[in-house]
Amino acid sequence: MVVIKIGRGATQRIIWILALLILAGGLTVAFFHLRDKIFPSTTFELNDELGGNIFPSLILSTATTDTLIVAPTEKGALGNPKSGISIQITSPVKDARLHVEVAETPFFKRSVSEFILPEEGKAYTVYPDILWNYDALRNNTQAEPITVSVEVQIKDREASQRVRTFSVRSINECLIGYNDKTGVLFAAYVNEDSPLIDKILREALNTRIVNRFMGYQNKRKDYVDKQVYALWNVLQRRKFRYSSISYSSLSSNVVYSQRVRTLEDALASSQINCVDGSVLFASLLRAINIDPILVRIPGHMYVGYYTDRNHSQANFLETTMIGDIDLDDFFPEEKLDSTSEGKSQEEMSRLTFEKSKEYAHRKYSADSARIHTLPRQYMFLEISKALRRKIQPLGK
């Protein structure tokens, strides 16, 4: 055992040192307590409406319109709710000046926003400006996490920072399970403006099924159907096949989404499922001035089109039947003669077109009442000029 003896003078010095340390600690606590009283920090929460998910298709399709798909849950929200990212903050004084900075990410630039919080003690939902990088959103083909950092300060208070990880979804994910309005986002994948459509129309004209695409201008009763069939025929010649990729990796109890191929993706791969085929065909119809309709029932979608300018009658198509046959298995018209047996390519293409109309019409007749009265499970979406003022094509 070792015994250390400390002299009286040394003991006094230790006592003085301990006393000074205690005093210093007390002063430090008092200083920070006083500082917090004089300069309190700004407290806030960083939130969003879609469970931490950012949908490029939603942002791009409504960027130039006044449409608000995801409305704030709180009344009296400040800023632009289309930004998708919000803060929750209580105003400490009347007419508090709020300063919000959002740090840069690969999908948006740094932004600074200023707001006035009019009422003391009131909780506000505030949407700061988000300067989106639209090209980055458009080219995001797989869900990707990003860290969003937001710094908030109210005058005479210390700034506070919050950091949260969001998931930027693929451009191919269509938001469908948030409210009754989200079904309209399928219209974003109808892209009548795509420069690729001209090539499809040229190929269709080369079949000589029709000499020109005139929409509703030709007075012949069957001419609209002939134009639609010409589009059907050219997709069959391009060997489109059914291939479903409807599921996404989204895991959320708040929102649901469905994968949809863009027009460019569908043409490049010659693959479609019921949704892909419907939006692709609707794109072609819009391009030739025939008004299309997207019809959704539980687990399925098909396309319709009005047969006259007044919309007095509509036909419907089951686009998954485009790939039911391979035209190479049948005789081309130029090789068919009186000694040949079997069907020609044109006959088989026309047969599947008519069968597709019959099948889709039966589906519509069976579900018509529900389609027009149950918007959460069913959808009857006319891709009209009025809708285009709300939802724009995505493009790629």
Side-chain angles (χ1 to χ4, degrees), residues 189-192 194 196-216 218 220-244 261 263-295 300-308 313-333 336 343-364 383:
Y189 294 89
V190 177
N191 185 12
E192 64 270 31
S194 173
L196 299 180
I197 287 181
D198 276 343
K199 185 177 181 181
I200 304 297
L201 298 185
R202 181 67 262 173
E203 291 175 17
L205 290 174
N206 288 343
T207 65
R208 298 177 180 263
I209 294 171
V210 292
N211 294 323
R212 63 188 68 182
F213 288 110
M214 302 178 64
Y216 298 118
N218 193 300
R220 283 174 49 189
K221 191 173 182 180
D222 64 340
Y223 200 75
V224 167
D225 251 21
K226 286 191 70 173
Q227 294 173 90
V228 177
Y229 168 60
L231 300 176
W232 175 277
N233 180 267
V234 79
L235 294 182
Q236 285 191 317
R237 290 176 184 272
R238 279 177 162 250
K239 301 182 186 299
F240 268 80
R241 292 293 181 266
Y242 179 84
S243 175
S244 182
R261 291 181 178 96
L263 180 142
E264 292 79 5
D265 292 337
L267 292 179
S269 65
S270 292
Q271 297 180 76
I272 52 174
N273 61 20
C274 63
V275 176
D276 307 330
S278 295
V279 298
L280 169 61
F281 218 98
S283 302
L284 298 172
L285 291 171
R286 280 280 296 176
I288 62 173
N289 295 318
I290 292 176
D291 299 328
I293 309 158
L294 297 179
V295 183
H300 190 56
M301 181 183 287
Y302 52 94
V303 67
Y305 57 95
Y306 287 108
T307 59
D308 63 289
Q313 182 181 350
N315 287 339
F316 301 93
L317 287 173
E318 176 58 57
T319 58
T320 60
M321 292 176 66
I322 289 173
D324 278 3
I325 63 167
D326 188 336
L327 293 184
D328 288 344
D329 294 337
F330 303 92
F331 285 102
E333 304 309 308
L336 192 66
K343 299 286 187 180
S344 71
Q345 291 182 351
E346 199 281 331
E347 286 176 310
M348 289 305 300
S349 183
R350 171 66 75 171
L351 178 63
T352 57
F353 177 69
E354 296 297 337
K355 290 293 184 184
S356 167
K357 286 200 301 181
E358 291 174 13
Y359 181 82
H361 182 76
R362 285 200 304 270
K363 276 187 171 294
Y364 179 74
I383 312 299

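Hydrogens, waters and symmetry mates are skipped; everything else that's a heavy atom, side chains included, is used. For the single chain, residues carry numbers from 1 onward in sequence order. Model, not experiment: these values are computed from the prediction.
A 4.5 Å side-chain heavy-atom check between Q271 and D276 finds every atom pair outside the cut-off. Counting heavy atoms from C-beta outward, L280 and R261 have side chains that stay 4.5 Å or more apart. Contact check for F213 versus L205: side-chain heavy atoms found under the 4.5 Å cut-off. Y306 places a side-chain heavy atom less than 4.5 Å from the side chain of I293. Side-chain contact between I322 and F281 is present, with heavy atoms from C-beta onward closer than 4.5 Å. Using a 4.5 Å heavy-atom cutoff, the side chains of T319 and L235 are not in contact.
More than 12 heavy atoms of other shown residues, nucleotides or ligands fall within 6.0 angstrom of atom CG in D222. More than 12 heavy atoms of other residues, nucleotides or ligands lie within 6.0 Å of OH in Y242, so this atom counts as buried by the packing criterion. Within a 6.0 Å sphere centred on NZ of K239, other residues, nucleotides and ligands contribute more than 12 heavy atoms. For H300, the NE2 atom is densely surrounded, since the number of other residues' heavy atoms within 6.0 Å is greater than 12.
N218 is linked by a side chain to side chain contact (heavy atoms under 4.5 Å, CB included) to M214, R220, Y223, counting only residues two or more places apart in sequence or in another chain. In this structure D198 satisfies the salt bridge (charged side-chain N to carboxylate O under 4.0 Å, His left out) test with no other residue, sequence neighbours excluded. For F353, the ring pair (Phe, Tyr, Trp, His ring centres under 6.0 Å) partners are Y229, W232, not counting sequence neighbours. D225 meets the side chain to side chain contact (heavy atoms under 4.5 Å, CB included) test with Y305, N315, K357; sequence neighbours excluded.
Taking all atoms of both residues into account, the shortest heavy-atom contact from I272 to G277 is CB-N, 3.7 Å. Nearest heavy atoms, A204 versus A230: CB-O, 3.8 Å. Here the closest heavy-atom approach between residue L285 and residue P292 is recorded as CD1-CB, 3.9 Å. The two residues Q227 and V210 have their closest heavy-atom pair at N-CG1, 3.9 Å. Across all their heavy atoms, T352 and M321 have their closest contact at O-CE, 4.3 Å.
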If you apply the rule side chain to side chain contact (heavy atoms under 4.5 Å, CB included), what do you find for Y216 with V224, and how did you get there? CA-CA 7 Å; Y216 298 118; V224 167; 3.7 Å; yes
So V228 and L317, side chain to side chain contact (heavy atoms under 4.5 Å, CB included) or not? Walk me through it. CA-CA 10 Å; V228 177; L317 287 173; 3.8 Å; yes
Pair L263-I197, side chain to side chain contact (heavy atoms under 4.5 Å, CB included): steps then yes or no: CA-CA 9 Å; L263 180 142; I197 287 181; 4.0 Å; yes
Evaluation steps, side chain to side chain contact (heavy atoms under 4.5 Å, CB included), between F240 and T320: CA-CA 9 Å; F240 268 80; T320 60; over 6 Å; no
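In this structure, OH on Y302 lies 7.5 Å from NZ on K363, to the nearest 0.5 angstrom. A distance of 9.5 Å separates CD1 of I290 from OG1 of T307, quoted to the nearest 0.5 Å. Rounded to the nearest 0.5 angstrom, E358 CD and K355 NZ are separated by 5.0 Å. Note that CG of N233 is 7.0 Å distant from CD of E346, once rounded to the nearest 0.5 Å. In this structure, NZ in K221 is found 16.0 Å from NZ in K226, a value given to the nearest 0.5 Å.
Annotation: salt bridge (Lys or Arg N to Asp or Glu O under 4.0 Å) contacts involving residues 202-214, sequence neighbours excluded, comprise E203-R238. Applying the salt bridge (Lys or Arg N to Asp or Glu O under 4.0 Å) test to residues at least two apart or on different chains, the pairs with a partner in residues 284-293 are E192-R286.
Exactly one of Q236, E354, R237 qualifies for a side chain to side chain donor-acceptor pair (under 3.5 Å) with S349. That residue is Q236.
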